[in-house]
Amino acid sequence: MIHSLLIQPGQMTLADLRTVWLSPVQASLPAEAYEAMRASSAAIQSIVDQGDAAYGINTGFGKLAKTRIPDDQLEALQRNLILSHSVGSGEPMSAATVRLVMVMKAASLARGYSGVRPVVVDTLLAVLNAGIVPRIPVKGSVGASGDLAPLSHMTLALMGEGEVWYQGQWQPAAQALNAAGIAPLTLAAKEGLALINGTQVSTALALHGLFMAERLLEAGTVIGALSVDAAKGSDAPFDPRIHAVRGQPGQIASAAVTRALLQGSQIRLSHLDNDERVQDPYSLRCQPQVMGACRDLIAQAARTLLIEANAVTDNPLVFTDTGEVLSGGNFHAEPVAFAADTLALAISEIGAISERRIALLIDSTLSGLPPFLVNNPGLNSGFMIAHVTAAALASENKSHAHPASVDSLPTSANQEDHVSMATYAGRRLAEMADNTATILGIEWLAAAQGVDFHRPLLTSQRLQKAHAVLRAQVPFYAHDRLFAPDIEAAKTLVMQGRAAEGNADVLSLLWGDGA
């Protein structure tokens with residue numbers, strides 16, 4: 001399904017960005033944006049006409065900023081910039097990520113501080129609306145001076161250069177533009193620099209991590225509650241009074257959601273009295289404390305990334321009210337790097353506590369369930385090695401969670417002597433999310449298996465929905481069978497957000513004010 005999106009420069013919402021991430025869009029700009037771009041472009045042309053030296057307009061770039069470029073070579077200067085900076089490597093970014101990049105770049109340029117003509121943004125949106133996806137390699141940016149290499153690969157497509165995905169295949173950009181009736185763009189003074197300077201790639205990669213983290217948090221909340229019932233855990237640790245006296249908003253919200261998910265469980269009622277266990281292990285009992293803290297980190301990252309998605313981050317910037325062109329450093333993606341590093345912590349911890357619950361469920365001395373969650377253990381290994389997979393992925397995520405932002409290598413002959421590494425910080429979130437989705441998928445299988453062993457007692461009506469979603473894809477594990485397809489099916493459900501199916505109303509409390 002293709003959605004219409006009116007880009008309000010500087011005022012996009014997370015809902016707008018999720019729409020772009022989820023599916024192709026037909027994007028447009030309000031009329032006032034064109035007025036701002038025309039004024040900004042006119043200011044650049046005035047500088048060219050006056051012959052004043054201005055960085056990126058009629059000079060070289062980076063360490064070559066002192067080199068003055070003649071007016072008759074300004075178009076060549078911009079073209080050469082794009083060609084020389086298109087040096088990315090690795091696999092192409094996903095179509096969803098590229099859509100985010102293009103929308104955010106259009107929104108940034110349309111604010112009227114970048115000195116580009118309206119035709120530049122119109123061409124960018126025409127390519128987006130035609131479903132043409134520039135081939136942008138995932139590697140090759142240090143997150144300052146902007147995402148130069150990946151944004152250069154995007155700009156190549158506007159010029160009719162490079163490769164794009166169009167109508168189900170990779171093909172030359174010139175061929176795709178011709179088929180779509182789009183004229184290749186010839187760049188004027190500063191326009192190439194405006195297109196490739198900025199944090200849109202880092203931000204798009206981090207936004208993908210954010211949207212997956214939100215799904216993982218919801219999935220982990222539902223599946224964690226199912227594990228509580230599977231292990232015959234207590235719901236007392238979720239009493240609102242406990243969390244109110246601490247006051248952490250995410251913890252309060254997480255406890256409220258978990259209480260609602262468990263309410264009415266026949267399994268819980270069966271051991272409400274005379275249960276010899278005094279306290280449950282932390283992976284059951286401390287879910288609000290852990291998942292609530294993850295929720296707060298995700299919410300904080302969301303605020304930072306939304307600001308960045310609406311920001312003007314190229315350099316230099318044109319201020320038409322005074323006619324000044326000012327050089328600064330908005331291209332430095334440190335805020336994005338910190339946000340991505342924060343998301344990495346949350347994604348890793350959601351998986352880490354899930355792995356611990358799997359270990360609990362397969363241990364009959366802790367869970368009271370059959371060893372390794374299978375009948376006739378010994379002949380059947382059950383979930384024994386599925387847990388090993390979860391442990392391997394949780395351990396891998398710990399390494400990935402090391403902050404990228406603490407690293408910096410100087411570039412451009414030490415002109416760009418401190419960088420953010422935000423692009424890698426955002427890029428690694430996709431793999432981490434995949435790992436955590438697999439861990440949660442394994443826990444979902446284990447928790448459903450545990451709940452099934454308690455029949456005829458049933459879990460709560462809300463958790464029965466989560467159980468049913470899984471069982472529609474994966475049957476009860478009665479004896480050993482090829483297990484990998486089951487895990488892949490459960491992981492896919494998590495990635496699609498289907499663990500939350502039927503419980504969206506209560507899960508929405510996670511993203512409120514914590515009350």
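A quick note: this is a predicted structure, and the numbers were derived from the prediction, not measured.
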A.B. asks: Among residues at least two apart in sequence or on other chains, which ones pass side chain to side chain donor-acceptor pair (under 3.5 Å) with Glu161?
C.D. replies: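 Per chain and number, Glu161 pairs via side chain to side chain donor-acceptor pair (under 3.5 Å) with Arg79.
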A.B. asks: I'd like to know if Asp122 pairs up with Arg117 as an ion pair, taking the criterion as any Lys NZ or Arg NE/NH1/NH2 lying under 4.0 Å from an Asp or Glu carboxylate oxygen.
C.D. replies: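 Judged by the 4.0 Å cut-off on N to carboxylate O distance, Asp122 and Arg117 do not form a salt bridge.
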A.B. asks: Between Asp314 and Arg111, does at least one N-O distance fall below 4.0 Å, as a salt bridge requires?
C.D. replies: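 No, this pair does not count.
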A.B. asks: If you count every heavy atom of other residues, nucleotides or ligands that lies below 6.0 Å from Phe319 atom CZ, does the total exceed 12?
C.D. replies: yes
A.B. asks: Report the C-alpha distance between Thr97 and Ser94 in whole Å, list the side-chain angles of each, state the deciding distance to 0.1 Å, and finish with yes or no for side chain to side chain donor-acceptor pair (under 3.5 Å).
C.D. replies: CA-CA 5 Å; Thr97 302; Ser94 69; 2.9 Å; yes
A.B. asks: Once you measure the plane-to-plane angle for Phe211 and Trp21, does it fall in the parallel (<30°), tilted (30-60°) or perpendicular (>60°) bin?
C.D. replies: tilted
A.B. asks: Are a donor atom and an acceptor atom from the side chains of Thr203 and Glu308 found within less than 3.5 Å of each other?
C.D. replies: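 Distance-only check fails for Thr203 and Glu308.
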A.B. asks: Is Trp444 close to Lys491 at the side-chain level, that is, under 4.5 Å between some pair of heavy atoms?
C.D. replies: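 No - every pair of side-chain heavy atoms lies 4.5 Å or more apart.
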A.B. asks: Do we see a donor-acceptor contact under 3.5 Å between the side chains of His387 and Glu355?
C.D. replies: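 Looking only at side-chain atoms, Glu355 and His387 do form a donor-acceptor pair, the distance falling under 3.5 Å.
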A.B. asks: Quick one: are Leu74 and Gln78 in side-chain contact, heavy atoms under 4.5 Å?
C.D. replies: no
A.B. asks: Under 3.5 Å, is there a donor-acceptor pair between the Thr438 and Asn435 side chains?
C.D. replies: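 Their side chains do not contain a donor-acceptor pair, so the 3.5 Å distance test is not met.
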A.B. asks: Between Gln45 and Ser41, do the side chains contain a donor N or O and an acceptor N or O under 3.5 Å apart?
C.D. replies: no
